[in-house]
Amino acid sequence: MRSYEMIREIFNSCSGNQMRDVFFSEVETDDPEALARSYAVGKDVEFTRTDRPDGGMVFDFITDGIRQRITLS
């Protein structure tokens, strides 16, 4: 198991509102992508992964029209 700092952002889809919900936590996992996919629940899901040079990972996904991002470092 490896420990990560996780930042989960839920972007507001209302026009003119750029605020977002941001949650910070520490997680332990052997499979970071499976952890991120566990938050990407819905009928219509778009999911992308970006590996950062510092070893961190960014998972961007849209689930049923709601945009979210999980950053693990």
Side-chain angles (χ1 to χ4, degrees):
M1 273 289 166
R2 184 168 173 197
S3 182
Y4 295 92
E5 179 181 279
M6 181 175 85
I7 303 169
R8 180 179 178 211
E9 301 170 85
I10 305 171
F11 296 86
N12 191 323
S13 60
C14 296
S15 63
N17 187 344
Q18 299 301 316
M19 298 300 294
R20 64 184 114 183
D21 293 324
V22 181
F23 305 94
F24 297 88
S25 60
E26 190 170 314
V27 296
E28 290 187 4
T29 184
D30 287 328
D31 190 347
E33 188 163 332
L35 173 74
R37 286 188 181 275
S38 72
Y39 289 93
V41 178
K43 292 182 181 181
D44 184 24
V45 177
E46 297 175 34
F47 190 92
T48 60
R49 173 182 175 162
T50 305
D51 292 321
R52 298 187 331 196
D54 65 0
M57 293 160 270
V58 178
F59 301 94
D60 287 296
F61 49 97
I62 300 172
T63 56
D64 299 327
I66 298 174
R67 183 173 167 233
Q68 299 184 58
R69 174 178 290 147
I70 290 181
T71 304
L72 297 174
S73 57

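Nothing here was measured: the structure is a model prediction, and the numbers come from that model.
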Test your reading of the model: is there a side-chain donor-acceptor pair from D64 to the backbone of G42, 3.5 Å cut-off?
no
Taking ILVMFWY side chains as joined if any heavy atoms are under 4.5 angstrom apart, and letting links pass through other members, which residues group with V58?
none
Distance, nearest 0.5 Å, that separates CZ of R2 from CG of D31:
13.0 Å
Measure the acute angle between the ring planes of F59 and F47, then classify it against the limits of 30° and 60° as parallel, tilted or perpendicular.
tilted
Using side-chain heavy atoms (C-beta onward) and a distance below 4.5 Å, is S73 in contact with Y4?
no
Could you give the distance from CG (L72) to CD (E33), rounded to the nearest 0.5 Å?
10.5 Å
Minimum heavy-atom separation for V45 and A40, please, with both atom names.
CG2-O, 3.9 Å
Does the D30 side chain pair with the main chain of M1, one donor and one acceptor, at a distance under 3.5 Å?
yes
pair R49-F61: side-chain heavy atoms closer than 4.5 Å
no
Could you pull out all residues at least two apart from D54 that satisfy side chain to side chain contact (heavy atoms under 4.5 Å, CB included)?
R52
pair Q68-E9: side-chain heavy atoms closer than 4.5 Å:
no
Grab the two heavy atoms, one from I70 and one from R8, that are nearest each other, plus how far apart they are.
CG1-CG, 4.1 Å
Share the residues that join I7 in a hydrophobic cluster, the rule being Ile, Leu, Val, Met, Phe, Trp or Tyr side chains under 4.5 Å apart at the heavy-atom level.
V22, F24
Side chains of V27 and L35: does their closest heavy-atom pair fall under 4.5 Å?
yes
